[in-house]
Enquirer: 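Dropping the structure in here first, questions after.
All residue numbers in this chain count up from 1 along the given sequence. Order of appearance sets the numbers: ligands from 1, and atoms from 1 within every ligand.
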Amino acid sequence: MSTEERAALSEAHIAVHWREEGYYYPPAKFIGQANAADPAIFERFSEEHFPECFKEYADLLAWDQYWHTTLDTTNAPFWKWFVGGRLNASVNCVDRHLAAGRNRAALIWVPEPEDEPMQVITYQELYRRGNEFAALLRHFGGVEVGDRVTFHLPMVPDLPVSMLACARIGAIHSEVFGGFSGAACGERIADSGSRILVTTDAYYRNGELIDHKLKADQALARARELGVEVDKVLVWRRHRGEYCSKTPMVEGRDFFVDDVLRDFRDQLVEPVSMPAEAPLFLMYTSGTTGRPKGAQHSTGGYLAYVAGTSKYYQDIHPEDTYWCAADIGWITGHSYIVYGPLALGTTSVIYEGVPTYPDAGRPWRIAERLGVNIFHTAPTTIRMLRKLGPEEPKKYDYHFKHMTTVGEPIEPDVWRWYHDVVGKGEAVVVDTWWQTENGGFLGATLPALHPMKPGSCGPGALGIYPVIYDEDGGIVEAGAGRAGNICIRNPWPGIFQTIWGQPERYVDTYYAKYCRDRSSTDWRDWPYFAGDGAVQAADGYFRILGRVDDVINVAGHRLGTKELESASLTVDEIAEAAAVPVIDELRGRAVEMYVSLKPGVRTSPEIEDKVAKVIETEIGKIARPKNVWIVPDMPKTRSGKIMRRVIAAISNFSDVGDVSTLANPEIVDDIRQQVQAAKMARGELPRSLTAEEAEEIRAFGHLE
Ligand code: WTA
């Protein structure tokens with residue numbers, strides 16, 4: 001059978017097994033108060049009004065100077081939005097709300113220890129803190145407009161304060177997720193060329209005070225290996241005045257922020273009026289090659305897009321209490337904990353710890369206590385809360401009008417628990433599909449105007465025109481029952497501007513695949529390739545199947561196979577390594593590593609352990625593999641490429657497909673027997689995959 005025939009067969013298989021879910025309709029009470037309740041909005045954002053339709057989003061902001069060109073495509077695909085416009089992001093998120101809401105809560109920070117008091121940070125207080133830290137960065141740190149400043153901060157209020165301070169002085173912040181290792185942080189420092197690292201001494205996670213400053217020393221060592229020297233490490237303290245890390249402070253390099261801030265008390269800093277296309281921040285993400293990609297986001301376009309989508313899709317009003325339980329170290333937190341909600345002047349809740357600490361009732365106690373009415377989280381958290389406390393939400397008196405899910409496909413069954421039990425049937429559920437590179441939502445239902453369908457994100461968001469292409473660029477029509485590559489036909493204000501320092505990779509990864517004419521300056525020739533497989537139902541709703549590139553989505557975190565493999569290869573005994581996804585009940589996907597050993601090395605459990613440990617120290621705990629399999633050899637193509645899709649099938653007990661074209665087809669059976677027998681012995685029993693899961697595994701790494 002040819003590859004095309006196989007593909008057609010499995011797509012037909014999807015078509016046959018596809019079960020369309022029924023619609024759920026938004027409650028009348030929600031519709032009555034929604035920001036977007038008039039269907040005329042669809043007309044305003046129709047293709048015919050592109051790109052001017054996005055003026056509606058930009059008009060939510062305060063501009064120092066209006067733009068003259070809405071969308072400049074002359075250097076396609078490096079899109080420029082609102083050219084000629086000037087603004088400052090911190091003014092938009094803080095200063096402009098002072099007149100009407102000075103003492104309204106901007107942020108409510110909930111520490112993980114339940115007996116520690118919450119911190120309410122008003123807009124006035126946020127203004128003060130942001131100004132003081134901006135003054136410190138500028139005068140003590142020597143930070144200038146356009147400089148990059150790396151943060152390695154957990155979920156503490158110092159993180160949004162640091163972000164807004166950078167924005168105030170026109171510096172580009174680059175936050176690295178706190179759970180990432182020191183080494184991963186160091187690589188991102190080096191890639192961005194940051195001279196300053198902002199970190200903290202410690203934070204609470206699952207009841208433990210974690211030493212975090214430790215990672216700063218590791219980060220600096222790695223950055224130095226890569227040729228970048230950090231001048232200053234600014235250390236916020238979790239308990240002000242008290243140092244909770246065992247790592248010594250390095251004289252002349254490490255400084256406690258609370259000490260240094262004394263010199264800047266009550267100082268105000270004039271906000272720098274930035275061009276709309278000036279970068280606001282970098283957010284690193286994983287891709288096909290090992291080097292991380294710093295997605296560069298703009299000031300004007302990005303802020304307009306997150307403000308607009310927060311208003312219409314999150315339905316945020318200033319008087320709401322909004323809680324997004326994502327981490328600010330990911331794009332979701334940047335867009336939908338900090339910039340979007342604060343641009344709209346609402347109250348945004350930040351929780352320090354894990355949602356199930358000390359028990360699975362914690363989120364609902366927070367919601368009840370604070371009167372949260374908009375809730376936002378990821379399927380992995382929903383699955384965990386359901387498993388540990390299926391009845392917990394019923395015990396608490398909170399009422400959500402709106403709930404979001406983001407980051408991974410959500411199983412219809414999990415969706416229904418979210419809707420019925422967490423939402424008590426009173427809340428709309430908005431499944432939002434998008435990516436680090438996108439700034440904000442790409443696919444979602446407009447909550448008062450579209451019915452919900454479990455497991456589908458819905459149609460393209462306002463002003464976003466998605467399409468599914470097959471491998472040859474043919475359009476896969478809605479209702480065809482076939483999967484393909486989801487793309488966006490047009491640029492939008494929230495799209496990233498480039499990959500920091502890797503403009504060719506930006507073009508190659510996201511635009512080359514379906515570009516019709518490389519010399520064209522017409523946006524119609526440059527569809528954006530998202531790297532996700534999807535199907536579109538006859539009603540236009542998209543169902544996202546998962547990544548088609550070498551990225552594994554673990555609990556909503558994108559991990560590159562190359563990063564996992566390079567880390568494994570640092571273990572002396574390892575000759576070759578391959579990372580594959582395995583379907584996991586709670587985390588969505590987990591990582592499994594396959595490794596082969598150098599000649600003469602004997603298999604041992606210690607080697608498995610070394611691989612797991614090195615992945616933890618190189619990348620972070622979230623990347624820890626579920627299993628490490630030491631195999632005699634890898635299945636390879638005749639040109640020597642490891643066929644990840646074959647071992648992925650073995651790990652998932654699914655069909656390995658046609659292996660006759662491999663250089664070493666006989667190895668497949670050996671590995672299957674070894675791995676599947678061991679899995680059965682460990683109680684990891686096979687279960688039949690859904691059509692979507694089978695398609696994802698079949699397509700895994702097909703871009704190789
Ligand atoms: C996946 C997170 C299904 C998808 C905002 C995408 C989703 C990757 C959804 C981006 C969703 C995100 N349904 N899959 N609602 N949202 N994804 O960059 O594979 O961390 O490409 O951005 O997560 O992950 P990232």
Enquirer: Tell me which protein heavy atom sits closest to atom 10 (C) of ligand 1, plus the residue, atom name and distance to 0.1 Å.
Expert: Trp434 O, 3.5 Å

Enquirer: Between Trp323 and Phe375, how do the two ring planes meet: parallel, tilted or perpendicular, split at 30° and 60°?
Expert: perpendicular

Enquirer: Just to confirm my output: which protein heavy-atom neighbour is closest to atom 1 (C) of ligand 1, and how far is it?
Expert: Gly407 O, 3.3 Å

Enquirer: Can you check whether Trp330 and Phe180 have ring centres sitting under 6.0 Å from each other?
Expert: yes

Enquirer: When you measure from atom 18 (O) of ligand 1 to each heavy atom in Thr436, Ile331, Asp431, which option holds the nearest one?
Expert: Thr436

Enquirer: Can Lys626 and Glu592 be counted as an ion pair, charged N to O under 4.0 angstrom?
Expert: no

Enquirer: Answer yes when Lys453 and Glu20 have at least one side-chain N-carboxylate O distance shorter than 4.0 Å, and no when they do not.
Expert: yes

Enquirer: Which residue holds the protein heavy atom closest to atom 6 (C) of ligand 1, what is that atom called, and what is the gap in Å?
Expert: Asp532 OD2, 3.1 Å

Enquirer: Could you tell me the residue and atom name of the protein heavy atom closest to atom 3 (C) of ligand 1, and the distance to it rounded to 0.1 Å?
Expert: Pro409 N, 3.1 Å

Enquirer: Charged N to carboxylate O below 4.0 Å: is that the case for Glu563 and Arg558?
Expert: no

Enquirer: So is Thr332 polar-close to ligand 1, meaning N/O to N/O under 3.5 Å?
Expert: no

Enquirer: Taking the six-membered ring for Trp, are Phe42 and His450 parallel (under 30°), tilted (30 to 60°) or perpendicular (over 60°)?
Expert: tilted

Enquirer: Please state which protein non-hydrogen atom is closest to atom 13 (N) of ligand 1 and give its distance, to 0.1 Å?
Expert: Glu408 O, 3.3 Å

Enquirer: Salt bridge check: are Glu471 and Lys513 linked by an N-O gap of less than 4.0 Å?
Expert: yes

Enquirer: To which protein heavy atom is atom 24 (O) of ligand 1 closest, and what is the distance rounded to 0.1 Å?
Expert: Arg558 CD, 3.2 Å

Enquirer: Could you tell me whether Ile410 approaches ligand 1 through its side chain, its backbone, both or neither, with non-hydrogen atoms closer than 4.0 Å?
Expert: neither

Enquirer: Relative to the heavy atoms of Asn553, which atoms of ligand 1 are at a distance of less than 4.0 Å?
Expert: 1 (C), 23 (O)

